[in-house]
Amino acid sequence: MPTPTPPASGGTGATAPSPTEPTVRRCHTSELRASVGPNRPGAGQSSFAIVLTNGSRRTCTLYGFPGVAFVNGAGEAVTPDPERATGQQGQAVTLSPGDSAWSTLAYTNPAITGATTVTPAALLVTPPDETAPISIRWTGGKVSNTGKASVPRVSPLMPGNGA
């Protein structure tokens, strides 16, 4: 049996990470806690910080937009899905244990637009690349339930807690 020939240098194969360089994996729903900051209104807009905090013992990464849904007490959607803010690029946010990332949830105050409204019981927040949401009691008041005016928009996640 012939002896294998070592690969030539300068190849295009991927190299394995060094044992001293940890690989940071994405954050999973089970490792995160979610909260909603207070309304910071301005110019007819309601604006809330959706905060995801790493509650695990490992460092993990989030990238992109959270999924967001307003639901009633039975967990059924009561508004159209919020839209993603346009013109904003996602960035990788690395969270050490206890660190947070946040996204802006903003919409025109429905009282200004005259849109019909509903008061959701909860906000479901799904971390990027996950399918299981985290339920947060909604205390932000009425939101439009038509999708014709006051459509909520979410921004990509950013480092920090939105304060």
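A donor-acceptor contact under 3.5 angstrom links the side chains of T113 and S150, judged on distance only. Side chain to side chain, T116 and N145 meet the donor-acceptor criterion of an N or O pair below 3.5 Å.
The closest donor-acceptor contact from the side chain of S103 to the backbone of S155 lies under 3.5 Å. In this structure a side-chain-to-backbone donor-acceptor pair under 3.5 Å is missing from N54 to G98. A donor-acceptor distance shorter than 3.5 angstrom exists from the side chain of R26 to the backbone of D129, with no hydrogens or angles considered.
The side chain to side chain contact (heavy atoms under 4.5 Å, CB included) test with T79 is passed by exactly one of V68, T117, V143: V143. A side chain to side chain contact (heavy atoms under 4.5 Å, CB included) with V154 is found for exactly one of L105, T104, V125, namely L105.
Rounding to the nearest 0.5 Å gives a distance of 13.5 Å between CZ of R84 and CZ of R153. From T61, atom OG1 reaches atom CD of Q91 across 11.5 Å, with rounding to the nearest 0.5 Å. Summarising the geometry, atom CG belonging to N161 is positioned 11.0 Å from atom CE belonging to M158; distances are rounded to the nearest 0.5 Å.
Side-chain contact between L32 and L62: present, with at least one pair of heavy atoms (C-beta onward) separated by less than 4.5 Å. Two residues are said to be in side-chain contact when any heavy atoms from C-beta on lie closer than 4.5 Å; P156 and Q88 meet this criterion. Here the side chains of V151 and P82 are not in contact, with every heavy-atom distance at 4.5 Å or above. Contact check for T29 versus I134: side-chain heavy atoms found under the 4.5 Å cut-off.
A pairwise comparison of heavy atoms in T146 and A115 identifies OG1-CB, 4.3 Å as the closest pair. Residues Y63 and P128 share a closest heavy-atom pair of O-CB, 3.1 Å. Closest of all the heavy-atom pairs between T126 and A132 is CG2-O, 3.8 Å.
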Identify each donor-acceptor pair in which a side-chain atom of residues 36-52 lies under 3.5 Å from a protein atom, sequence neighbours left out, and give them as a table.
residue, atom, partner, partner atom, Å
N39, OD1, S47, N, 2.9
Q45, NE2, T108, OG1, 2.9

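A chain of hydrophobic side-chain contacts below 4.5 Å, direct or via other Ile, Leu, Val, Met, Phe, Trp or Tyr residues, connects F65 to L157. A continuous path of ILVMFWY side-chain contacts below 4.5 Å connects F70 to V118, so both sit in one hydrophobic cluster.
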**OP:** Report the C-alpha distance between V78 and V71 in whole Å, list the side-chain angles of each, state the deciding distance to 0.1 Å, and finish with yes or no for side chain to side chain contact (heavy atoms under 4.5 Å, CB included).
**Re:** CA-CA 5 Å; V78 293; V71 297; 5.7 Å; no
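Taking 4.0 Å as the cut-off between side-chain N and carboxylate O, E31 and R58 count as a salt-bridged pair.
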